[in-house]
Amino acid sequence: MNIATQAAQIGLDWDTRTGAVTVPIYQTATFRHPGLGQSTGYDYSRSGNPTRQALEEGMARMDGGARGFAYSTGMAAIASLLFLFKSGDHLVVTEDLYGGTYRLFEQCLNQYGLTFTYVDSSDIHAVQQAIRPETRGLFVESLTNPLLKVADIAALSALCKERGLLHIVDNTFLTPYLLRPLELGADIALYSGTKYLSGHNDTLSGLVVVKESALAEKVYFHQNAIGAVLGPQDAWLTIRGIKTLSVRLDRQQENAKKIALWLAAHPRVKKVYYPGLPDHPGHELLRRQARGFGAMIAFEVADPALVEPLLLKTSVISFAESLGGVESLITFPAVQTHTDIEPEKRERLGITNGLLRLSVGIEDADDLIADLAQAFSQEN
Ligand SMILES: *Cc1c(COP(=O)(O)O)cnc(C)c1O
């Protein structure tokens, strides 16, 4: 079944007793046991909750995995997954990584004997060279943040199989609607559900889909043991968001392309990073492995003095962190999302003091462009 259909109908057949079209919010911490040593299948909401389960099963179907898991946030999902590794293990990781993931790895998990090497994961040779005898995992973003580099998921998965590495793909920027990492060979797909999946800037969530059931058992063990699970209200909001994922993303991508072309032609813009533009280095690869280019744009202004007017004088576009929602947002990665990466490293990666990131929403594209145009003209 097409993923747009699966997304729209998530949770549909859950309540057969009443026939409710949407899944009920099971706002309960615990469940009565029918008898000694008996269970309805639900005992305690950390271990399993029907609303959360509807989301987890829906995600597993959309991503083609054995099982899905929902966490309180994307970071909770990543932290819980990293419990699959043990002290002494080494992971190879995308270098222009989401800042929060970098912070978790370098300021928290490294204290427990995990080590990480950061490479350009759009360069398979760089990944290959970073693998050591103690390497156990490869953690990549399918589309990186903020520079939108594209990793060749199938080639990296083949490499992981050959070297016995667990392949985890943070697919937040594309979602299963546009790219399905497990189909390309990855072991685990992971999402900040806060972004496109929920899609309305109204809730936080983290989602994981595991391809094989033996690995899924381990992930479930940690989900329950750690307990950073998604609550039933937020699970419901995430389900509600997923139902419109396909139409939102179609519109967002259409808008993003128009805006990227407009920015590329603007005399005050030095560089535009949008994989939907044919001159983007990941364009061809993404065309092959995904069904779209997403709706994130990064662009570098010629003069850093333009950064402030663009952040503060835009009004249709909000100056706010996060991405993927129906409302367009603009951010300044060097100071907001990537502040935990050292300044020299940021500069080397291209996360300069003139780089802005745009999360394109579903508003009218001409309104968004007019908003940017007036902000560009307000430089003082
Ligand atoms: C936002 C984000 C995360 C973290 O998710 P939260 O829901 O904010 O905890 C992880 N990876 C990527 C790519 C993100 O954009």
Side-chain angles (χ1 to χ4, degrees), residues 52 55 59 68-82 91 93-109 116 118 121-122 138-151 153 168-179 181 186 188-209 223 226 228-231 233-235 237-238 241-242 249 252 273 275 282 290 294-298 320-325 327 329-333 336-341 349 351 357-361:
R52 193 178 92 220
L55 170 61
M59 277 304 294
F69 302 93
Y71 301 85
S72 53
T73 64
M75 290 319 303
I78 297 172
S80 300
L81 279 181
L82 266 285
L91 284 90
V93 182
T94 293
E95 66 180 356
D96 56 329
L97 191 67
Y98 176 69
T101 309
Y102 183 76
R103 176 176 57 204
L104 174 73
F105 290 179
E106 290 306 306
Q107 293 183 36
C108 306
L109 295 173
F116 305 90
Y118 301 87
S121 51
S122 66
L138 174 66
F139 184 105
V140 300
E141 291 181 0
S142 51
L143 195 55
T144 69
N145 180 9
L147 294 176
L148 309 162
K149 287 187 182 168
V150 181
I153 304 298
I168 302 174
V169 178
D170 182 336
N171 193 32
T172 297
F173 277 32
L174 290 170
T175 81
Y177 179 58
L178 299 179
L179 182 134
I188 296 176
L190 116 85
Y191 303 89
S192 168
T194 311
K195 316 294 168 58
Y196 289 100
L197 289 164
S198 294
H200 292 75
N201 290 320
D202 58 6
T203 187
L204 302 177
S205 66
L207 295 154
V208 162
V209 180
Q223 183 196 36
I226 296 160
V229 294
L230 192 62
Q233 303 264 357
D234 289 345
L237 280 170
T238 306
I242 288 172
L249 262 169
Q252 284 171 287
Y273 300 86
M296 296 299 298
I297 300 173
E321 277 172 57
S322 200
L323 60 106
E327 301 92 353
L329 305 179
I330 189 164
T331 54
F332 184 31
Q336 293 179 281
T337 46
H338 291 66
T339 178
D340 285 299
I341 297 177
L349 294 175
I351 308 170
R357 190 189 74 181
L358 204 53
S359 169
V360 180

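As the structure lists them, so they are numbered: ligands from 1, and atoms in each ligand from 1.
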Looking at Gly74, which atoms of ligand 1 are within less than 4.0 Å of one of its heavy atoms?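 The atoms of ligand 1 under 4.0 Å from a heavy atom of Gly74 are 5 (O), 6 (P), 7 (O), 9 (O).
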For Ser205, take its heavy atoms, then give the atoms of ligand 1 lying under 4.0 Å from any of them.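 Counting from 1, the qualifying ligand atoms are 7 (O).
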Please report the interatomic distance [atom1]([X]) to [atom2]([Y]), rounded to the nearest 0.5 Å.
X	Y	atom1	atom2	answer
Met75	Thr101	CE	OG1	4.0 Å
Tyr118	Phe139	OH	CZ	9.5 Å
Asn171	Ile188	CG	CD1	13.5 Å

At what distance is the nearest protein heavy atom to [atom], and which residue and atom is it?
atom	answer
atom 5 (O) of ligand 1	Ser192 OG, 3.0 Å
atom 9 (O) of ligand 1	Met75 N, 2.8 Å
atom 4 (C) of ligand 1	Tyr98 CE2, 3.5 Å
atom 2 (C) of ligand 1	Lys195 NZ, 2.5 Å
atom 13 (C) of ligand 1	Asp170 OD2, 3.4 Å

With sequence neighbours excluded, tell me which residues meet side chain to side chain donor-acceptor pair (under 3.5 Å) with Ser121.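 Applying side chain to side chain donor-acceptor pair (under 3.5 Å) to Ser121 gives Thr94.
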Taking 4.0 Å as the limit for heavy-atom contacts, which would you say applies to Ser322 with ligand 1: side chain only, backbone only, both, or neither?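 Under 4.0 Å from ligand 1, Ser322 contributes no heavy atoms.
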Could you establish whether Phe173 and ligand 1 come within less than 4.0 Å of each other, counting only heavy atoms on the residue side?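 So Phe173 counts as touching ligand 1.
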Report yes or no: does [X] contribute a side-chain atom to a donor-acceptor pair with the main-chain N or O of [Y] at less than 3.5 Å?
X	Y	value
Gln223	Val229	no
Thr194	Ser205	yes
Glu141	Tyr98	yes

